[in-house]
S.K.: 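The structure's right below; bear with me while I get my questions together.
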Amino acid sequence: MKILVLGAGVVGTAAAFYLSRDGHDVTVVERHPAAARGTSYSNAGLVSPGDATAWASPAALKTFIKSLYTPDLGIKVRLGLDPYFYAWSFRFLFQCTNARMRINTEAKLRLALYSRLCINEISTETGIGYDKRARGIMYFFRSQESLDHGARMYGFLAEHGLDIEVVDRFRMAELEPGLAAARGSIAGAVYSPMDQTGDSRMFVEALAAYAEQKLGAKFMFDTTVEDLIVEGDRVTGVKTSAGRLDADAVVIAMGPESGLLGRRNGIDLPVYPVKGYTATVTMDDPSKGPTMGGVDEDRMVAYSRLGDRLRMASTAEFTGFDRSHKPSDFKRMFETGQELFPGAFDRAKAEVWSGLRPMMPGSVPVIGPARYKGLYLDTGHGHVGWTMACGSGKFLADLVAGRKPDIDPTGLVYKG
């Protein structure tokens with residue numbers, strides 16, 4: 001089949017790789033001048049099944065409401081005139097029960113564990129390097145109360161296949177010497193040895209090159225998707241800034257813009273952008289930095305060791321499609337990084353960035369056929385797109401081919 005994949009981030013590029021490997025004639029359409037220049041350009045760097053707990057939960061609802069009047073939180077909400085935000089929030093509200101949280105978390109974890117295997121298989125098959133570290137991730141807590149709550153949450157993940165170890169501050173520092181200096185301010189942690197880290201931009205750039213050079217995929221950069229071409233009950237192509245492109249099938253993998261394209265074509269696709277901030281800095285003294293990835297769960301700051309670089313990420317900000325940033329947006333992130341790893345880096349040398357995560361109300365991506373014949377979705381991966389992208393790409397390719405997916409599809413296949 002002739003297939004158009006809309007979007008050359010990690011999700012779209014992974015889908016293009018698997019579809020091309022299946023023998024399809026694949027063209028990827030991307031508005032940026034290169035692959036991984038949107039959401040996939042810079043993230044926390046965590047390939048983290050341990051981060052599969054759904055955002056929508058009773059606790060998240062309380063934090064969401066508190067963020068309306070407390071500015072110094074990891075979640076920030078700017079109320080505006082966007083009616084779609086209020087519609088999305090209403091649907092988010094209905095996902096914030098314990099029952100829905102467990103259902104959504106189990107689906108995310110199932111895909112995340114599978115995707116970690118897919119990432120590693122791709123790396124082995126293609127020889128792609130991306131500053132990978134397979135040392136695990138340390139999820140740590142600053143109070144005994146938050147540690148006890150976190151241990152219960154991670155216990156649910158452990159019941160569904162995640163290998164974890166709940167550790168005190170001394171065992172934490174033994175596993176992660178980089179946190180020794182901050183040990184006194186940390187109550188304990190949950191260590192997930194199955195998790196790993198790596199640079200998503202490096203991975204996507206190399207995977208796009210491999211798909212193009214070895215599998216025959218084509219990439220159209222600097223090309224904006226304007227609309228779907230629908231004839232009767234079938235999608236037959238896409239209108240773009242470069243003209244009409246015909247196809248037998250179209251895959252929407254446009255990150256936060258997926259919802260906009262979906263709504264224009266009557267598709268119920270509640271993807272909403274959630275802004276996050278990152279900083280990347282080459283460490284002056286790598287021996288004082290972390291040896292694995294980590295998450296400060298109370299401050300909502302995540303980090304990865306990417307070669308001799310430190311990547312930090314924080315904040316979930318609901319502010320529409322605004323991608324701007326200012327120095328104050330990174331203040332708490334840098335303060336936390338310098339407290340955790342004193343002397344490791346100079347914040348003045350950091351590259352700062354902000355981007356938009358494509359969030360579904362229940363935190364679970366949507367994959368598979370939608371409304372029109374020949375139309376497929378692979379979007380809504382939220383803050384764990386890097387973690388779940390390769391698994392969802394393989395899952396999608398199986399659906400397109402009519403094969404039985406490797407994992408249980410419950411909760412993952414689009415139902416519009």
Side-chain angles (χ1 to χ4, degrees), residues 7-14 32 34-53 55 74-75 108 111-112 115-116 118-119 123 128 130-133 137 139 195-208 253-258 271-281 290 292-297 299-307 309-317 323 325 329-330 333-334 336-337 350-360 363 365 378-393:
V10 64
V11 173
T13 302
H32 289 104
R37 289 304 184 270
T39 303
S40 300
Y41 180 80
S42 182
N43 52 37
L46 308 179
V47 177
S48 49
D51 204 14
T53 300
W55 273 18
I75 294 179
K108 283 183 66 178
L111 180 58
S115 189
R116 183 183 66 91
C118 292
I119 292 172
S123 181
I128 287 173
Y130 53 99
D131 278 344
K132 172 184 172 182
R133 282 193 174 223
I137 292 175
Y139 302 89
D195 291 359
Q196 59 194 53
T197 57
D199 190 320
S200 64
R201 179 178 61 82
M202 291 175 63
F203 181 87
V204 175
E205 289 175 342
L207 188 62
M254 296 169 62
E257 278 78 20
S258 298
V271 173
Y272 196 80
V274 180
K275 188 195 290 189
Y277 300 89
T278 70
T280 309
V281 59
M292 66 176 77
V295 180
D296 185 332
E297 293 279 10
R299 295 189 184 177
M300 295 182 66
V301 175
Y303 57 83
S304 292
R305 172 77 176 263
L306 305 173
R309 295 173 297 148
L310 176 66
R311 168 76 51 77
M312 295 174 288
S314 71
T315 312
E317 186 171 348
R323 291 177 169 86
H325 57 76
D329 295 323
F330 303 89
M333 180 198 305
F334 281 129
T336 299
E351 176 192 54
V352 295
W353 180 89
S354 63
L356 305 178
R357 310 175 184 98
M359 290 295 300
M360 290 287 290
S363 305
D378 188 6
T379 190
H381 295 69
H383 70 295
V384 284
W386 174 209
T387 298
M388 298 194 291
C390 293
S392 67

S.K.: Got a sec, which residues hit side chain to side chain donor-acceptor pair (under 3.5 Å) with Thr278, two or more places apart in sequence or on another chain?
M.R.: Ser42
S.K.: Within the side chain of Ser115, is there an N or O that forms a donor-acceptor pair under 3.5 Å with the backbone of Gly391?
M.R.: yes
S.K.: In the structure I gave you, are the side-chain heavy atoms of Val47 and Ile119 within less than 4.5 Å of one another anywhere?
M.R.: yes
S.K.: For Pro256, enumerate each residue passing the side-chain contact (heavy atoms from CB on, under 4.5 Å) test, keeping only those at least two apart in sequence or located in another chain.
M.R.: Thr39, Pro273, Phe321, Arg323, Leu356, Pro358
S.K.: Arg357 and His381: side chain to side chain contact (heavy atoms under 4.5 Å, CB included), yes or no, with the steps?
M.R.: CA-CA 8 Å; Arg357 310 175 184 98; His381 295 69; over 6 Å; no
S.K.: I'd like to know whether Glu351 forms a salt bridge (charged side-chain N to carboxylate O under 4.0 Å, His left out) with Arg311, so could you lay out the CA-CA distance, the side-chain angles of the two residues, the decisive distance to 0.1 Å, and finally the verdict.
M.R.: CA-CA 10 Å; Glu351 176 192 54; Arg311 168 76 51 77; 5.8 Å; no
S.K.: If you measure only the distance, is there a donor-acceptor pair under 3.5 Å linking the side chains of Ser258 and Thr379?
M.R.: yes
S.K.: Report the C-alpha distance between Leu46 and Ile137 in whole Å, list the side-chain angles of each, state the deciding distance to 0.1 Å, and finish with yes or no for side chain to side chain contact (heavy atoms under 4.5 Å, CB included).
M.R.: CA-CA 8 Å; Leu46 308 179; Ile137 292 175; 3.8 Å; yes
S.K.: Give the minimum heavy-atom separation between Val352 and Ala279, together with the two atoms involved.
M.R.: CG1-CB, 4.2 Å
S.K.: Measure the acute angle between the ring planes of Trp353 and Tyr41, then classify it against the limits of 30° and 60° as parallel, tilted or perpendicular.
M.R.: tilted
S.K.: Test of understanding: with side-chain contact (heavy atoms from CB on, under 4.5 Å), list the residues that count as partners of Asp329, not counting sequence neighbours.
M.R.: Tyr277, His325, Lys326
S.K.: Rounded to the nearest 0.5 Å, how far apart are CE of Met312 and OG of Ser304?
M.R.: 11.0 Å
S.K.: Is there side-chain contact between Lys108 and Thr387, with heavy atoms separated by less than 4.5 Å?
M.R.: no
S.K.: Between OG of Ser48 and CH2 of Trp386, what distance do you get to the nearest 0.5 Å?
M.R.: 11.0 Å
S.K.: Any donor and acceptor pair, going by atom type alone, linking the side chain of Arg305 with main-chain N or O of Gly307 inside 3.5 Å?
M.R.: yes
S.K.: Nearest 0.5 Å, please: how far is CD in Gln196 from CZ in Arg116?
M.R.: 6.0 Å
S.K.: Which residues pass the side chain to side chain donor-acceptor pair (under 3.5 Å) test with Ser200, sequence neighbours left out?
M.R.: Asn43
S.K.: My understanding is that only residues two or more places apart in sequence, or in another chain, count here; which of them pass side-chain contact (heavy atoms from CB on, under 4.5 Å) with Ala389?
M.R.: Val10, Val11
S.K.: Can you confirm whether Met333 sits close enough to Arg299 that some side-chain heavy atom of one is under 4.5 Å from a side-chain heavy atom of the other?
M.R.: no
S.K.: Check Val301 against Ser314 and note the closest heavy-atom contact, atom names and distance.
M.R.: CG2-CB, 4.0 Å
S.K.: Check the pair Met359, Val271 against side chain to side chain contact (heavy atoms under 4.5 Å, CB included), reporting the backbone distance first and the verdict last.
M.R.: CA-CA 5 Å; Met359 290 295 300; Val271 173; over 6 Å; no
S.K.: Go through the structure and list residues passing ring-ring contact (aromatic ring centres under 6.0 Å, His included) with Phe334, not counting sequence neighbours.
M.R.: none
S.K.: Are any non-hydrogen side-chain atoms of Pro365 and Asp378 less than 4.5 angstrom apart?
M.R.: no
S.K.: So, do Leu207 and Ile128 sit near enough that their side-chain heavy atoms are less than 4.5 Å apart?
M.R.: yes
S.K.: Do Asp199 and Arg309 have side-chain heavy atoms sitting under 4.5 Å apart?
M.R.: yes
S.K.: A side-chain contact here means heavy atoms from C-beta on lying under 4.5 Å apart; do Thr336 and Tyr303 qualify?
M.R.: no
